[in-house]
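Beneath this line is the structure, given in structure tokens, with notes to follow.
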Amino acid sequence: WGNLGHQTIGFVAQSFLAPKALEFVQTTLGAQYNFSLGPAATWADEVKSEPAFKWSADLHFVDAEDSPLTGSCSVNEQRDCGNGQCILTAIANYTARVVDPTLDAEQIQEALKFVDHFLGDIGQPLHVEALEAGGNDIPAVCSGESSRNLHAASQDTGMVTKHIDQSHGGTTEQYATDLVQEIQAGSFESVAASWISCSSPTEPLSRRSSTAEEISEKTHPGAQLESELKRLIHARQSDDAITPLACPLVWAAESNAFDCSVVFNFQSGEDLCSGTYFENAVPVIDLQLAKQGFRLAAWLNVLFDGAT
Ligand code: DCM
Ligand code: DCM
Ligand code: DCM
Ligand code: ZN
Ligand code: ZN
């Protein structure tokens with residue numbers, strides 16, 4: 001996502017934080033970020049071009065080597081993140097670092113800003129796709145502007161900007177407020193609990209939860225997320241290797257599935273920021289931003305308040 005998408009996700013998350021998570025976020029981010037995950041969400045993109053943070057550029061995505069143009073979408077941790085430098089491993093690393101008492105305040109703030117950002121990027125379908133460098137090498141037109149590429153024109157910036165201007169008062173705060181309303185009492189109300197269950201209807205996972213966890217998941221959405229984070233913290237404390245987590249893999253598979261439906265479904269030269277492509281893409285953008293904001297809050301709530 002571009003800045004607008006990331007800020008929106010951060011603002012959505014901020015409004016679902018439980019008391020201790022909220023306190024942690026406010027203290028850790030401070031006045032510089034207006035005590036909020038919204039303004040802090042773009043930091044990771046700002047630094048990735050600096051020499052000191054060059055190593056972090058590859059952590060914003062996972063190049064899923066699937067075949068979306070022939071209708072075959074998938075994410076595979078071994079195949080797509082074999083070198084351990086992708087968004088799946090980054091989420092595990094920075095989640096562990098957010099609660100690592102041996103780190104100093106600056107390192108903890110960096111870890112929180114990375115978590116804030118990467119839980120957003122994993123919901124962007126083209127950040128979970130290898131084809132043409134996540135669409136960066138596919139020319140695209142947005143609002144008559146032809147010198148764009150699919151990644152920027154459509155998902156990251158072009159469509160999001162148009163959508164916020166057209167339907168949400170032109171600000172990420174208002175857009176986030178509108179998405180929060182949909183989650184609390186609108187079109188997302190009935191599905192939001194399933195967003196944090198980490199179970200996927202489409203993707204059988206090698207690391208699937210145990211039967212006991214699956215049962216408890218039914219009575220308590222978020223149970224798997226909680227047990228997984230407890231395992232992560234334990235691994236960190238006992239100096240075990242930090243391995244990718246099952247929940248982010250489920251989230252990645254969900255975003256990646258859109259690469260087989262709406263994302264690449266356009267004619268060369270077609271304007272992506274109006275007409276049918278735009279109309280089909282906007283509900284996906286709403287869904288993915290709302291979902292990742294809600295998941296980011298649940299993630300931090302488990303870490304700091306012990307429950308979603
Ligand atoms: N680093 C990291 N994650 C990466 C790459 C590097 O945490 N994917 C850290 C490890 C080093 C610092 O960044 O402390 C500098 O890395 P490098 O060895 O690449 O200069
Ligand atoms: N770093 C990181 N993840 C790690 C280890 C290090 O992001 N697992 C980052 C934190 C600092 C930089 O690398 O920005 C240097 O860290 P250190 O001096 O701890 O190696
Ligand atoms: N990106 C991606 N997949 C790739 C390469 C890049 O999702 N294989 C993303 C990262 C940025 C955007 O595309 O959001 C532009 O990348 P860059 O700034 O590295 O050109
Ligand atoms: Zn991007
Ligand atoms: Zn990013």
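Note that ligands are numbered from 1 as they come in the structure, with each ligand's atoms numbered from 1 the same way.
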Check Asp156 and report its N/O/S atom nearest to the Zn ion (ligand 4), by atom name.
OD2

Lys113 versus Tyr94, side-chain donor and acceptor atoms under 3.5 Å
no

Any N/O/S atom of His60 sitting less than 2.8 Å from the Zn ion (ligand 5), backbone or side chain?
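It does; at least one qualifying atom falls short of 2.8 Å.
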
So, is His6 placed with an N/O/S atom under 2.8 Å from the Zn ion (ligand 5), counting both backbone and side chain?
no

Tell me which one of Leu22, Thr27, Thr28 satisfies side chain to side chain contact (heavy atoms under 4.5 Å, CB included) with Phe24.
Thr28

Just say parallel, tilted or perpendicular for the rings of His151 and His127, cut-offs at 30° and 60°.
tilted

Can you label the angle between the Trp43 ring and the Phe53 ring as parallel, tilted or perpendicular, going by 30° and 60°?
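Taking Phe53 first and then Trp43, their aromatic rings stand perpendicular (interplane angle over 60°).
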
Could you check which N/O/S atom of Asp121 is closest to the Zn ion (ligand 5)?
OD2

Which atom of Asp45 is nearest the Zn ion (ligand 5), counting N, O or S only? It is OD1

Any side-chain heavy atom of Val128 within less than 4.5 Å of one from Ile87?
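The answer is no; the side chains never approach within 4.5 Å.
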
Going by heavy atoms in the side chains, are Ser143 and Lys162 under 4.5 Å from each other?
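Of all side-chain heavy-atom pairs linking Lys162 with Ser143, at least one is under 4.5 Å.
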
Evaluate Glu110 against Arg97 for salt bridge (Lys or Arg N to Asp or Glu O under 4.0 Å), listing each step before the verdict.
CA-CA 9 Å; Glu110 278 188 4; Arg97 288 173 70 87; 5.8 Å; no

Distance, nearest 0.5 Å, that separates CG of Asp66 from CG of Asp259
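The CG atom of Asp66 sits 6.5 Å away from the CG atom of Asp259.
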
Taking only heavy atoms of the protein into account, state which residues are under 4.0 angstrom from an atom of ligand 3, in chain and number order.
Lys48, Phe61, Asp63, Leu126, His127, Ala133, Asn136, His151, Asp156

